[in-house]
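First listed ligand is number 1; within each ligand, the first listed atom is number 1.
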Amino acid sequence: MSNMSNAVVVGTQWGDEGKAKVIDYLADRSDLVIRFQGGANAGHTVIANRRKFIFHLVPSGIMYPDKVCIVGNGVAFDAEQFLKEVDELDACGISVAERLFVSDAAHLVLPYHKSLDTASESFMGKEKIGTTGRGIGPAYSDKIFRVGIRVGDLVDADRLTEKIKNGFERHRALAASIYKADFPLSLDEIIHRYAAVRQRMLPFIDDTAFRIFEAYSKGKRLLFEGAQGTFLDIDHGTYPFVTSANTVAGCAFTGSGIGPAAIDHVIGIVKTYTTRVGNGPFPTELDNATGEMLRKEGGEFGATTGRPRRCGWFDTVMVRRAVQLNGLTHLVLTKLDVLNKLEEIPICTHYEIRGKRLERFPSNAALVSEAIPVYETMPGWKSDIAQCRSYGELPLQARTYIERIREICYNIPVLIVSVGPERRQTIEVTPLT
Ligand code: GDP
Ligand code: IMO
Ligand code: MG
């Protein structure tokens, strides 16, 4: 894989597919790594040089000392969380100075957005979405309602105070009148905290769209880091059990400010089983001992909230839809090692809904909740593959499983197979051209 060119990496399921591990791996042959949507709801785990980091906002390419990392305009930006990550990196001797930039057009997530997120969830009771509580819905609502505060607003201290005051009052009124909830933080506390945040943020604020364009024009290689997954997309996911942003590859352009022609590859990260955090339909879910086993073997606990992830079998109906929605050019299969002990591995090939066979993922989430998964069964390999470093070293059954997935998913080439959480536990299958 000598020629990386420019690629978008996205999740093809409900998030936590192992995107960050793959971004970290691919970043080695990129120049810029760019987050373009979502916020600190993302939990991106990178294990490299015997260190483990969980990034929520800092792009997963930051572990390499020479990579430029960018938080694009499409991100819902929690500045306090961002600075915490910068401090953690600093404590480990990883300097981000002059190589980490945040778009002045990204919208800020303020503490009152998080309070409103929590208030809205408790108000909804059983109907709640199961959000991460990171203020994502309220912050994107402000953006779309055109009352948000942007990173660029941090530059002018007086205007910032005025805007925070207006935002706080509006959200407090909303919380009190609709959700009957109080805010834990006072306006003074927020203003005080943001005076310090503002100072520290100044060196990071940038016209990132221009920086990206300039790098692109000079032939630098761009790697776009998606967050969440295709089925959490506000338009294409299992609405209303989704996040508040687009998550599909198309969003890389609007969320960073570059045109579609800049992209050569669209890489879909596919976990070789399925997980979901939060509520909403999940056809192949295993609410039993087998699901428990996948959770244990795969360490399936949320990187952001610590919640146990719901687990189920691999669902090709979903992944085929993800190929369509993102225009995937490559698949990356992750966590294959989690299936090591299985005698047999079921793959969902289609659904039955109201007695009818359906090979297409329904665009209506209500129908998805009625779907009965139909499986074909593949033989397991029953051996440890974590040490395999080439495709040929994988047991025949593992290769057959991979080939079958590829065949069902429109024959999209498999770029990489991941057999463990560490950078070196990565097998390159197809070269990128
Ligand atoms: P992301 O949100 O898509 O970046 O994924 P998360 O970091 O939330 O969750 C993926 C988890 O699986 C993390 O704990 C990773 O360290 C781990 N992981 C990634 N790839 C593999 C793999 O191939 N095998 C195993 N066993 N773990 C993996
Ligand atoms: P990464 O990037 C998994 C889920 C939440 C909830 C829904 C809405 O690590 O893959 P939100 O806080 O966004 O309003 O919550 O979306 N969710 C994720 N699930 N991985 C993520 O990110 C997620 N980001 C949001 O659990 O169901
Ligand atoms: Mg995650």
All heavy atoms of Val75 vs all of Gln37, minimum pair found to be CG2-N, 3.7 Å
Taking all non-hydrogen atoms of both residues into account, name the closest pair between Ile149 and Tyr112 and its distance.
CD1-OH, 3.6 Å
Apply the test salt bridge (Lys or Arg N to Asp or Glu O under 4.0 Å) to residues Asp24 and Arg423: give CA-CA distance (whole Å), side-chain angles for both, the deciding distance (0.1 Å), then the verdict.
CA-CA 7 Å; Asp24 167 74; Arg423 194 186 274 169; 2.7 Å; yes
Which residue and atom name correspond to the protein heavy atom nearest [atom], and how close is it?
atom                    : answer
atom 27 (O) of ligand 2 : Val277 O, 3.0 Å
atom 4 (O) of ligand 1  : Ala20 N, 2.9 Å
atom 15 (C) of ligand 1 : Thr45 CB, 4.0 Å
atom 7 (C) of ligand 2  : Val242 O, 3.9 Å
atom 10 (C) of ligand 1 : Asp16 O, 3.9 Å
atom 12 (O) of ligand 2 : Thr132 OG1, 2.6 Å
atom 15 (O) of ligand 2 : Thr131 CA, 3.3 Å
atom 23 (C) of ligand 2 : Gln228 CG, 3.6 Å
atom 17 (C) of ligand 1 : Lys335 NZ, 3.9 Å

I'd like to know if [X] contacts ligand 1, where contact means a heavy-atom distance under 4.0 Å to any ligand atom.
X      : result
Gly43  : yes
Gly420 : yes
His56  : no

Residue portion contacting ligand 2 (non-hydrogen atoms closer than 4.0 Å) for [X]:
X      : result
Arg276 : neither
Asp117 : neither
Phe241 : neither

Under 3.5 Å between any N/O of Arg307 and any N/O of ligand 2: does that happen in this structure?
yes
Are any of the N or O atoms of Ser244 closer than 3.5 Å to those of ligand 2?
no
What atoms of ligand 2 come closer than 4.0 angstrom to any heavy atom of [X]?
X      : result
Lys19  : 1 (P), 2 (O), 10 (O)
Trp14  : 3 (C), 19 (N)
Gly130 : 5 (C), 6 (C), 26 (O), 27 (O)
Ala42  : 1 (P), 2 (O), 9 (O), 22 (O)
Gly278 : 27 (O)
Asp16  : 1 (P), 3 (C), 9 (O), 10 (O), 20 (N)
Ala227 : 2 (O)

With backbone taken as N, CA, C and O and side chain as the heavy atoms from C-beta onward, which portion of [X] lies under 4.0 Å from ligand 1: side chain, backbone, both, or neither?
X      : answer
Ile269 : neither
Lys21  : side chain
Glu422 : neither
Asp337 : side chain

Any salt bridge linking [X] with [Y]? Criterion: basic side-chain nitrogen under 4.0 Å from a carboxylate oxygen.
X      : Y      : answer
Arg309 : Asp16  : yes
Glu225 : Lys19  : no
Asp87  : Arg200 : yes
Arg29  : Glu428 : yes

Backbone or side chain, does any N or O of Ala303 fall under 3.5 Å from an N or O of ligand 1?
no
Ser418-ligand 1 polar pair, N/O distance under 3.5 Å
yes
Can you tell me if an N/O/S atom from Lys19 lies under 2.8 Å from the Mg ion (ligand 3)?
no
Examine distances only and state if a side-chain atom of [X] and a backbone atom of [Y] form a donor-acceptor pair shorter than 3.5 Å.
X      : Y      : answer
Thr132 : Asn41  : no
Thr290 : Leu286 : no
Asp264 : Asn6   : yes
Asp117 : Ser120 : no
Asp315 : Val317 : yes

Heavy-atom proximity to atom 9 (O) of ligand 1, picking from Lys271, Arg309, Glu300, points to Arg309
Would you mind finding which of Thr243, Leu232, Asn41, Val10 brings a heavy atom closest to atom 17 (N) of ligand 2?
Leu232
Please tell me whether Thr275 and Lys271 have a donor and an acceptor in their side chains that are separated by less than 3.5 angstrom.
yes
Distance-only donor-acceptor check, side chains Gln324 and Tyr410, under 3.5 Å:
yes
Check: [X] ring centre within less than 6.0 Å of [Y] ring centre:
X      : Y      : answer
His265 : His330 : yes
Phe224 : Phe253 : no
Phe82  : Phe77  : yes

Applying the side chain to side chain donor-acceptor pair (under 3.5 Å) test to Asp31, which of Lys67, Lys220, Arg221 qualifies?
Arg221
Taking side chain to side chain donor-acceptor pair (under 3.5 Å) as the criterion, tell me which of Glu297, Gln13, Glu300 meets it with Tyr273.
Glu300
Do Leu222 and Ser30 have side chains that get closer than 4.5 Å, going by heavy atoms?
no
Find out whether Val33 and Ile70 are in side-chain contact, i.e. whether some heavy atom of one side chain is under 4.5 Å from a heavy atom of the other.
no
I'd like to know if [X] contacts ligand 2, where contact means a heavy-atom distance under 4.0 Å to any ligand atom.
X      : value
Thr305 : no
Arg309 : no
Gly43  : yes
Arg134 : no
Ala303 : no

Would you mind naming the N, O or S atom of Asp16 nearest to the Mg ion (ligand 3)?
OD1
Got a sec: does the CG of Asp287 have more than 12 other heavy atoms crowding it under 6.0 Å?
no
